[in-house]
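Letters A, B, ... are given to chains in the order of the sequence lines, protein chains preceding strands, and every chain is numbered from 1. Everything numeric in this text was worked out from a predicted model, so none of it was measured.
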Amino acid sequence: MPKPDFPKTYDFQSIEQELYAWWERNGWFRPTNDPNEPGHDPSRKPFVISIPPPNVTGELHLGHAMFVSVEDLLIRYHRMKGEPTLWVPGSDHAGIATQLQVEKMLLREKGVTREELGREKFLEYCWAWKDKYGNIIYDQLRRLGASCDWSRVRFTLDDGLSEAVREAFVRLYRKGLIYRGVRLINWSPGLKTAVSDLEVEYSEEPATLYYFKYPLKDSDEYLPVATTRPETILGDTAVAVHPEDPRYRRFIGRTALVPILNREIPVIADEAVDREFGTGALKITPGHDFTDYEIGARHKLPIISVLDREAKVTAAGGPYQGLDRFEARERYWADLKAAGLVIKEQPYTRNTPRSQRGGEIIEPMVSEQWFVKIKPLAEAAIAAVRDGRIRIVPERFEKVYFNWLENIKDWCISRQLWWGHRIPVWYRVGADGRPDYAEQFCAHTEAEAYEQARAKHGPDVKLEQDPDVLDTWFSSGLWPFSTLGWPHATADLRYFYPTSVMETGYDILFFWVARMIMLGLEFTGEVPFHTVYLHGLVRDEYGRKMSKTIGNVVDPRWIIGGVKGEDIAKSGTSDEVAKKYPNGIAALGTDALRFTLLTSGTPGNDLNLSLERVESNRNFANKIWNIARFIVTNLPADFTRDARQLAANHGQPSAFSGLSLPDRWLLSRLHQVIAEVTRFLDNYEFGQAGNLAYEFLWSDFADWYVETSKITLQGSDEAAKARVRNLLVHVLDQTLRLLHPFVPFITEAVWQKLPRLPGDPPALIIAPWPQAGPVDAEALADFEHLRALVRGIRNIRAEKRVEVTKRIPAIIVAGEKAGWLRHQSAIISALAKIDDSRLMIVEHLNDKPKNAVALVEGATEVYLPLEGMVDLNAERARLEKELAALSAQIAKSEGLLASNFVNKAPAPVVERERAKLAAARESRAKVEARLREL
RNA sequence: GGGCGAUUAGCUCAGCUGGUUAGAGCGCCUCACUCACAUUGAGGAGGUCAUAGGUUCGAGUCCUAUAUCGCCCACCA
């Protein structure tokens, strides 16, 4: 990297992209100890993450920014810890979602439907779409700083993964865990495909509960029945009542007539009927309702499908054939009314099932589909978490996970789509030219299927492949191992599997995580990862979900690179944002966004993103830049780092001896912070880790140490200057390392400008993670005292409105602390703006200045003789207030120490309380003495 | 109907295994642009930690209810 001079502000726009390219070019995203390279050492344990593959639908949203922030943090942290680290990138074909996008695009741009194009041609468009948006997404991941190994990038429909999918299918099929069957499934009439239970979302919507009379055969009597979907009456095959319902018991066993159609159906008794609801009598439509399907099965009722693939009434609906389901509802109800069978209509809130993707109302339908027999897989997956082979963070999601798996139903995996993995089953084509679904040949390839078929039926057999494709989550379920080469025993698979952490949003715990665990255990015999870390969803600053309808969608690229007001408006998704930022959003940089996402929330909880917060973190990046600018521009041309000085300090605490108080304090703080940040990261508490490093850099390092260092740097003691410079560079170096996983760009950019130690790597991204060292407790306490004195003086100055630049005299009476405090007089005068020549630091003082403002800090007294500014009455009042506060504190402490506290509380806690009391008493004595003097 | 989460400063949120005077950012008030940074520095105001009980020497933190908001799961027609 060239070493340019240090501009005043950090220009992240150009630097971020430059640095990323440089890292990638140097191969630092690739794992060290790559099993495909010579010199590979199998004994070193790798750290591996498989990326949650983004859908190739072309939208980068804040959810992506979230997972990249967390995963890249983990990857960079472990890389710096020296572990062979691999992050496998990739993308997901996302069956329904992508097919819908492509269909929409084709209709818009070419005015054709997929049916008009035909399967092959349509798939060509899908692939073109994938190439375009897949690449956009990869670019965006790079922009976010994702340090993944691009040489291993995978796509769920590429050859290798397709092979994995076929292998998985064939194995499950042969094991009897995949079957084709006629079941009641969730049908999406808009998408014209089956969907799984998980792809159905329920929303409470206003509806109508229709009450009507179910006529009985050969009778004037009727059974009152209520329904929300009158059109399904056409498919009724029974009417059910509760066996013990006195109102209806006498009807059981009689025959009812489907209104209008006059089809004869039995009146049955079933425990599942809720006597309280509606009329207490239930119409049974096994063909279009899940409860009814079960009841029907119990009573061996026939199943009638009255709706077809497009939710239009079938021939079974008699005169209503061909009508759309909602049209049929109206017409049929009108006819019931005309027939005098209507009782009433009542407004009702219905939990309406809707398609997750298409949004239209799901219709339960009887259909022949492929299913995975899931119970055996689920049991293994439950055990893996139960016995700790997999840990879920945060832990509460384990309960959710168990609950879902314990009540799981077979997984419908066939989709009537074109974009996806075609089901590897071929059917024998019969004499009539139609496939015989009973004659199934499940194989990896068509050739293999033919081989099987010929062995059974002779050489002339004709086959036809199942037209359906697999649920997109079937292939994602294999992701952690399919991306490493499975089913082949590749070097990657052997070395990098099982992966380490699966990091993703809690919203896909069932869709994806649970299925990876089930399929991973089934096919590899091992858990696919040892830890699941679930992050929350990114919401707007008021906690609302980001949605086009609200108009509060924030595109992460706007935050990173800035955006003009008119472009926000043009997006069509963000009217509210456009209104709030008519002049657009200033570029804040990737680091600022990442740091915000990592520190504004807690694991598993949703995060409300506010741009103000990102802005303040942009300021933090600027702070990092400028503290470095100060340090680097203060180094002489011939500066070299002194490793020996610092190496010595990593030994015993006494090794701090050659250093000044601020030096010892800073190093001690640094060592504390290193230990804490490391601990927090190991516990997946990224927010706390980041905030701690932030506080250290800004409040300790910049605000205090750098300020005190200026005194030495402006002085003439060359040895002291060298020592301070060495320390400044060292602490900055270490802090940059701590911050690198959070804000990789700024830290690398700055680190490149620092002088190196021999043996340092060429880049921060591969620099070793800092080691915690000794902590000098005395230095911590002394510097804290010094800080308190300076703050106290500043406080009084501000209160008394002393001009900021005015140097004032001060007398500090410090008892035994006077000795060391005297050595810090330069710091006190510089930071509290005291006149050097009139600063007295003494053990005792008999004649205390009367005309002065007094400050008591622990056992130390400070007197500021502010001529003409001291109002004795005000001074007395101020001290009285101080006295009252101290007395209250003392009373509280005394009470505590006189209680059972001393027996029950741990010794250090009691000790701390005693020390606190002693200090407060001392302070009070001083304040009282001062009051007497006045 | 079950389950989960949240409720802490004006706003958005931290607060790890219970232990000093409950913190941060933004916003607000006072002051300061000469030497890293006004994307700054110094000082300040602001909180009965949703409510009621309980456990404990000690509760924002643990337990039990309640309220409000949000989410997930479930076949109430």
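Residue-level contact check: A/Pro906 touches the bases, meaning some heavy atom is under 4.0 Å from a base atom. When heavy atoms are screened at a 4.0 angstrom cut-off, A/Ser610 is found touching no nucleic acid atom at all. Within the nucleic acid shown, A/Val706 comes within 4.0 Å of at least one base atom, counting heavy atoms only. Here A/Arg794 lies in heavy-atom contact (under 4.0 Å) with sugar-phosphate atoms only. Nucleic acid contact class of A/Asp274 (heavy atoms, under 4.0 Å, all strands): base. Residue A/Glu707 is classed as a base contact, given a heavy-atom separation below 4.0 Å to a base. As judged by a 4.0 angstrom heavy-atom cut-off over every strand, A/Thr599 is placed among residues making no nucleic acid contact. Residue A/Lys892 is classed as a sugar-phosphate contact, given heavy-atom separations below 4.0 Å to backbone atoms only. Heavy atoms of A/Arg229 sit nowhere under 4.0 angstrom from any nucleic acid atom. In this structure, A/Phe680 reaches the bases: a heavy-atom distance under 4.0 Å links it to at least one base atom across the strands shown. Heavy atoms of A/Tyr348 sit under 4.0 angstrom from primed sugar atoms or phosphate atoms, though from no base atom. As judged by a 4.0 angstrom heavy-atom cut-off over every strand, A/Arg797 is placed among residues making no nucleic acid contact. If you check every strand for non-hydrogen atoms under 4.0 Å, A/Asn617 touches nothing.
The side chain of A/Lys399 contributes no N or O atom lying less than 4.0 Å from OP1 or OP2 of B/C73. Listed pair A/Lys545 / B/C71 fails the phosphate criterion, with no side-chain N or O lying under 4.0 Å from OP1 or OP2. Checking the phosphate oxygens (OP1, OP2) of B/A74, no side-chain nitrogen or oxygen of A/Lys409 falls inside 4.0 Å. The phosphate of B/G41 has OP1 or OP2 within less than 4.0 Å of a side-chain N or O from A/Trp698. OP1 or OP2 of B/U40 has not a single side-chain nitrogen or oxygen of A/Asn622 nearer than 4.0 Å. Distances shown here put every side-chain N or O of A/Ser899 at or beyond 4.0 Å from the OP1 or OP2 atom of B/G58. Residue A/Asn795 has a polar side-chain atom (N or O) positioned under 4.0 Å from OP1 or OP2 of B/G44.
Remark: A/Lys545 NZ is loosely packed, at most 12 non-hydrogen atoms of other residues, nucleotides or ligands lying under 6.0 Å away.
B/U8 sits 14 Å from B/G47 when the P atoms are compared, rounded to a whole Å. Taking atom C1' in both B/A38 and B/U21, the straight-line distance is 32 Å, to the nearest Å. A distance of about 25 Å separates the C1' atoms of B/C33 and B/A45, rounded to the whole Å. B/C62 and B/G44: their P atoms are spaced 33 Å apart (whole Å). B/G10 and B/G1 are spaced 40 Å apart, taking the C1' atom of each and rounding to whole Å. Of the C1' atoms belonging to B/U20 and B/A59, the separation is 15 Å, rounded to the nearest Å.
Looking at which nucleotide of RNA chain B each of A/Val902 and A/Ser616 is closest to, the 5′-most match is held by A/Ser616. Place A/Gln688 and A/Ala798 on RNA chain B by their nearest nucleotides, and A/Gln688 ends up nearer the 5' end.
Side-chain proximity of A/Arg791 to B/A77, B/G25, B/G43: nearest is B/G43. For A/Phe510, the listed nucleotide lying nearest its side chain is B/C73; candidates were B/A77, B/C73, B/C16. Proximity note for A/Arg396 (side chain, C-beta onward) versus B/A24, B/G5, B/A74: the nearest is B/G5. When each of B/C76, B/G15, B/G19 is scored by its nearest atom to the side-chain atoms of A/Asn351, the top-ranked nucleotide is B/C76. Taking only side-chain atoms of A/Ala702, from C-beta outward, the nucleotide of B/A77, B/G5, B/A36 with the closest atom is B/A36. Across B/G19, B/U40, B/U21, the shortest atom-to-atom separation from the side chain of A/Asn619 is found for B/U40.
Between the side chain of A/Glu685 and the base of B/A14 there is no donor-acceptor pair of N/O atoms closer than 3.5 Å. Taking only distance into account, the side chain of A/Lys623 meets the base of B/C37 through a donor-acceptor pair shorter than 3.5 Å. The base of B/A42 is not paired with the side chain of A/Lys833 by any donor and acceptor separated by under 3.5 Å.
We find that CG of A/Asn691 is positioned 13 Å from P of B/C16, with the value rounded to whole Å. Between A/Arg912 atom CZ and B/G18 atom C1' the separation is 12 Å, expressed in whole Å. For A/Asn403 and B/G2, the CG to C1' distance is 8 Å, given to the nearest whole Å. Rounding to whole angstrom units, CZ of residue A/Arg629 and P of B/A38 are separated by 9 Å. A straight line from NZ of A/Lys710 to C1' of B/A42 spans 13 Å, rounded to a whole angstrom. To the nearest angstrom, C1' of B/A36 lies 9 Å from CZ of A/Phe6. Distance A/Leu896 CG to B/A59 C1': 14 Å, rounded to the nearest Å. A straight line from CG of A/Asn626 to P of B/A36 spans 10 Å, rounded to a whole angstrom.
In summary, A/Asp289 and A/Arg229 engage in a salt bridge, as defined by a charged side-chain N under 4.0 Å from a carboxylate O. Salt bridge present: A/Arg298 and A/Asp270 bring a charged side-chain N and a carboxylate O closer than 4.0 Å.
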For this session: Would you sort out whether A/Val909 and A/Glu913 count as a side-chain contact (heavy atoms from CB on, under 4.5 Å), showing the intermediate values?
Result: CA-CA 6 Å; A/Val909 175; A/Glu913 195 59 35; 5.9 Å; no
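A cation-pi arrangement is absent between A/Lys623 and A/Phe701 under the rule of less than 6.0 angstrom and at most 45 degrees off the ring axis. Cation-pi geometry between A/Lys283 and A/Tyr214 is not satisfied (NZ or CZ under 6.0 Å from the ring centre, within 45° of the ring normal).
Side chain of A/Lys833 to main chain of A/Val804: no donor-acceptor pair is present (N/O by atom type, distance under 3.5 Å, no hydrogens or angles).
With a cut-off of 3.5 Å on both pairing distances, the Watson-Crick or G-U wobble partner of B/G43 is B/C29. Under the Watson-Crick or G-U wobble criterion, with both distances below 3.5 Å, B/C57 is paired with B/G19. Checking B/U7 for Watson-Crick or G-U wobble geometry (two distances, each under 3.5 Å) identifies B/A67 as its partner.
Using modelled atom types, one finds a donor on one side chain and an acceptor on the other under 3.5 Å when comparing A/Asn900 with A/Asn903.
Each of A/Leu534, A/Val400, A/Val532 was evaluated against A/Tyr506; a single residue qualifies, A/Leu534, per the side-chain contact (heavy atoms from CB on, under 4.5 Å) test. Shown are A/Val731, A/Ile627, A/Leu727; of these, the side-chain contact (heavy atoms from CB on, under 4.5 Å) with A/Tyr705 is made only by A/Leu727.
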